Amino acid sequence: MAKSTKSKGRRSAAQPTPNFHGHDILSVDQFNRESLDYIFEVAHEMRVLVERFGSADLLQGKILANLFYEPSTRTSSSFMAAMLRLGGQVIPINNVQYSSVSKGESLPDTIRTLESYSDVIVIRHPEVGSATTAAYYAEKPVINAGDGVGEHPTQALLDMFTIVEELGGVDGLKIAMVGDLKYGRTVHSLTKLLLDYKVEFTFVSPENLRMPNEILDAVKRRDHTYVETEAIQDVIANADVLYVTRVQKERFTDLAEYDRVKDFYVVDEELMQQAKEEMIIMHPLPRVGEISYAIDDDPRAAYFRQMRNGMYIRMALLAAVLGKA
Ligand code: CP
């Protein structure tokens, strides 16, 4: 099969300002401090735009193909909302079983079909590397909305945007990631994205759900230190950011093993009494018991604000890859 001929490289040093026009968004490796500042600035402007006017016509005439092979509420609907608020339109394929995928159509053929009708493709797929495969065959920009246990780059961008908006910056923060660090792709992407900043990492997980060595090696290579522990009660008092994740039942082959660890951590009012006043609790959502509903009204509970930030970040990314940021 012939591959795409579009430009796919990360931004070259010769380019003075970040330029995402026509580029795929596949990995957090494509970003550095300068390009993050740029995306966050645009996302902040999108927030102001939505709060003042609700919508704009920046992407009028553009069409997003929103292709989800795995369940999603936030990523799928925030990409749709982002496109609609910018005046564009969406081809929503949230149930691939009702598309020709169920007849055995290959990923390259599905991508080629959708790009015939659209200007940008968002894809979530259970296999690591699937978004890269899609981008290989597509002439139009492809955005990775989660590839198996691989990456979830737009989630990492919205996570860091939330930290910046909530705490004013990233340098100097103590960041504790809690829960399923093995299968949770959001913590993999966020950790890699944070390596450009001076942060202290603590990875809190049961022994069998530790952060993969590949991520730990990346942390070491960039001269960051980290602590691994099972004991959330030992880290809660020092954390500026407590990033909690769900145990990813769908990734387990042995459900007895899932049952052993699914309730390992519960962030509740009692635990939060030990936390600082100026800290935030984050979660990519959905949650399935690891954060008590009783702390939703705690001002430190940032996860619903984080979720809303996803729309602003995705508005910024769509505008950027379509050359309208
Ligand atoms: N955070 C996140 O990816 O949520 P969804 O699975 O609902 O898209």
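Numbering starts at 1 and runs along the sequence shown. The model shown is predicted, which means the values in this text are computed figures rather than measured ones. Ligands are counted one by one from 1 in listed order, and the atoms in each one are counted from 1 as well.
Not one N or O of Ser76 is nearer than 3.5 Å to an N or O of ligand 1, by distance alone. Residue contacts with ligand 1: Pro286 is placed with no nitrogen or oxygen under 3.5 Å of a nitrogen or oxygen of the ligand (distance criterion only).
Residue Thr73 approaches ligand 1 through these ligand atoms, each under 4.0 Å from one of its heavy atoms: 5 (P), 7 (O), 8 (O). Near His152, meaning under 4.0 Å from one of its heavy atoms, ligand 1 places the atoms 3 (O). Shown in contact with Gln155 at under 4.0 Å from a heavy atom are these atoms of ligand 1, numbered in order with element: 1 (N), 2 (C), 3 (O). Near Thr75, meaning under 4.0 Å from any of its heavy atoms, are these atoms of ligand 1: 2 (C), 3 (O), 4 (O), 5 (P), 8 (O).
A salt bridge links Glu70 with Arg251; the closest basic N to acidic carboxylate O contact falls under 4.0 Å. A salt bridge links Asp296 with Arg287: the closest approach of a Lys/Arg side-chain nitrogen to an acidic carboxylate oxygen falls below 4.0 angstrom. Look at Arg246 and Glu290 and you find no salt bridge, because none of the NZ, NE, NH1 or NH2 atoms lies under 4.0 Å from a carboxylate O.
At a 4.0 Å heavy-atom cut-off, ligand 1 touches Leu285 through the backbone alone.
Between His152 and Arg314, the shortest heavy-atom distance links the atoms CE1-NH2, 3.8 Å.
With sequence neighbours left out, the side-chain hydrogen bond (donor to acceptor under 3.5 Å, both in side chains) criterion links Glu41 to no other residue.
The aromatic rings of Phe201 and Phe203 lie parallel to each other, with less than 30° between the two planes, well short of the 60° mark.
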(request) Any chance you could lay out the salt bridge (Lys or Arg N to Asp or Glu O under 4.0 Å) test for Arg222 and Asp196, step after step, and finish with the verdict? (result) CA-CA 8 Å; Arg222 298 290 296 277; Asp196 266 349; 2.5 Å; yes

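Counting only heavy atoms of the protein, atom 1 (N) of ligand 1 lies nearest to Pro284 O, 2.8 Å.
In this structure, of Arg74, His283, Glu70, Arg124, the residue bringing a heavy atom nearest to atom 4 (O) of ligand 1 is Arg74.
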